[in-house]
Amino acid sequence: MPFLTDKKILLGITGSIAAYKVADWVRALRREGCQVTVVMTESACRFISPLTMAALSGNPVHTGMFTAEAPETIPHINLARDHDLLVIAPASAQTIGRLAHGLADNLLATIALASSVPVLVCPAMNSVMFQHPATQANLATIRSYGYRVVEPDCGKMACDEEGPGRLTEWEKARQAILTAIAPQNLGNENVLITAGPTREAFDPVRFLSNPSTGKMGYALAATAKQRGATVTLISGPTTFAPPPGVQCIQVSSAAEMQVEVMNCLKAATIIVKAAAVSDYRFAETQPHKVKKGQTALSLELVANPDILKELGKLKEKSPDFPLLVGFAAESRDHLEEGKRKLKEKNLDLIVINDIGGTETGFGTETNKVTILDSNGSQEDVPLLSKEETAHRIWDAVGRVLASKR
Ligand code: CTP
């Protein structure tokens, strides 16, 4: 089941011109299967209509402490109890002040006070207001209560000023929501992930590579971060920006990847080798562009080191070696090949990736994997987004870690 499906999100909207932007957030959350209930302050209702939010969320919108319709339900207590997460966006300076001082003078502030679920606060206001010591002190105070604050973006504001204070973009808010909801089973882990293809240069304009885009490895890095890990990503050439909070080391060839993996080995407690490493490189690399002219050209290839196999050998000699996870990209005999690689490379876990399907493997949005571990268990994961697949892999890693420690 997709990760956000059936999660209950309570969205508190306050008085800021950015209120209209969260209308889209509601649609995005519902597309991912969330149930969204909206609470609006009186000022928020001046910026955007509760009717709009009711239509988009598919639920009644709550605006007052004392509803004539159902006085017996004690809305602030029930709403505080019934959700997985409270997101306050946009959060005005006034509301942040209310939260910091534990005021309960409107429905939203009362819910926050009465709630024991995680609270995510997304400030949006004029940059001078945002930078004022009073606002900064209030933000520090709510952080000390355990509220998570998603920093606003910098840029031109509705009031024509420029600076920090613009409501964060949805993608950053989404990551923060996932982090608040994800199980924190990697909190003490230092995770090293390799991702993407490698490129083996022939001359300055040509190289040997493969169609890997790095999507699966980047999803693993983002989700490990959401689950509380410290994450280092060693990435071959891709078009993705590193996920927020992830240290990213860019490499090109297999040899460069091997050097960086070895450099990072000491700090790691888990290694996941999701990269599609080129098995061969050119015996010779030409310093200048090779000109055409010959009708045929034979090029000699030599084997690259198998980085994962080398790690497996080191693991044999070291009982404290990081948990080792490999991938197997297969177009046939998936299970046999996966089992062989699990054993030959001395892995704790292997993720067998079907690269033959139209919705699985290189460059696709989704994946369908089988996870095997060295204790003999097998999990056939259905077709899911790569992000969901990454969560399933971390669940499996969590089970192996629990059995080892
Ligand atoms: N791998 C590696 N170094 C290599 C080749 C592969 O570290 N030179 C790692 C990959 O990152 C992956 C695993 O080994 O985690 C399996 O890669 P895969 O391409 O499926 O298999 P190979 O071992 O290369 O074997 P084959 O090409 O024969 O299927």
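Just follow the structure's listing: the first ligand is 1, and inside any ligand the first atom is 1.
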Enquirer: If you take the nearest heavy atom of each of Glu344, Glu330, Arg340, which one is closest to atom 28 (O) of ligand 1?
Expert: Arg340
Enquirer: Can you report which non-hydrogen protein atom sits closest to atom 29 (O) of ligand 1, along with the distance?
Expert: Lys341 NZ, 2.8 Å
Enquirer: How far is atom 2 (C) of ligand 1 from its nearest protein heavy atom, and which residue and atom is that?
Expert: Asp306 OD1, 3.4 Å
Enquirer: Specify the protein heavy atom at minimum distance from atom 14 (O) of ligand 1: its residue, its atom name, and the distance to 0.1 Å.
Expert: Lys345 NZ, 2.9 Å
Enquirer: Nearest to atom 13 (C) of ligand 1, what protein heavy atom do you find, and at what distance?
Expert: Phe327 O, 3.0 Å
Enquirer: Check this for me: Arg143, atom CZ, are more than 12 non-hydrogen atoms of other residues, nucleotides or ligands nearer than 6.0 Å?
Expert: yes
Enquirer: Any atoms of ligand 1 less than 4.0 Å from a non-hydrogen atom of Ala275? List them with their elements.
Expert: 10 (C), 11 (O)
Enquirer: What protein heavy atom sits nearest atom 9 (C) of ligand 1, and how far off is it?
Expert: Leu308 CB, 3.8 Å
Enquirer: Considering only heavy atoms, which of Pro305, Ala254, Gly312 lies nearest to atom 8 (N) of ligand 1?
Expert: Pro305
Enquirer: Check the pair Lys315 / Asp348 against salt bridge (Lys or Arg N to Asp or Glu O under 4.0 Å), numbers first and verdict last.
Expert: CA-CA 10 Å; Lys315 181 170 163 248; Asp348 294 294; 3.4 Å; yes
Enquirer: Which residue owns the protein heavy atom closest to atom 15 (O) of ligand 1, what's the atom, and how far is it?
Expert: Lys273 O, 2.6 Å
Enquirer: In plain terms, say whether Arg227 and Asp395 are close enough for a salt bridge, that is, a side-chain N and a carboxylate O under 4.0 Å apart.
Expert: yes
Enquirer: Provide, to 0.1 Å, the distance between atom 3 (N) of ligand 1 and the closest protein heavy atom, together with that atom's residue and name.
Expert: Ile307 N, 3.1 Å
Enquirer: Run the salt-bridge test on Lys8 and Asp82 with the 4.0 Å N-O cut-off and return the result as yes or no.
Expert: no
Enquirer: Flag yes if more than 12 heavy atoms outside Glu169 fall under 6.0 Å of its CD atom; otherwise flag no.
Expert: no
Enquirer: Under 4.0 Å from a heavy atom of Ala328: give me the atoms of ligand 1 that qualify, with their elements.
Expert: 20 (O)
Enquirer: Does atom OH (Tyr280) have a neighbourhood of more than 12 heavy atoms from anything else shown, all under 6.0 Å?
Expert: no
Enquirer: Does the distance from a Lys or Arg side-chain N to an Asp or Glu carboxylate O, for Arg174 and Glu387, drop under 4.0 Å?
Expert: yes
Enquirer: Looking only at side chains, do Thr364 and Glu359 share a donor and an acceptor under 3.5 Å apart?
Expert: no
Enquirer: Nearest protein heavy atom to atom 27 (O) of ligand 1, by residue and atom, and its distance?
Expert: Asp279 OD2, 3.1 Å
Enquirer: So if I count the atoms of ligand 1 from 1 in the order they appear, which ones are less than 4.0 Å from some heavy atom of Gly326?
Expert: 15 (O)
Enquirer: Around atom CZ of Arg46, are there more than 12 heavy atoms from other residues, nucleotides or ligands closer than 6.0 Å?
Expert: no
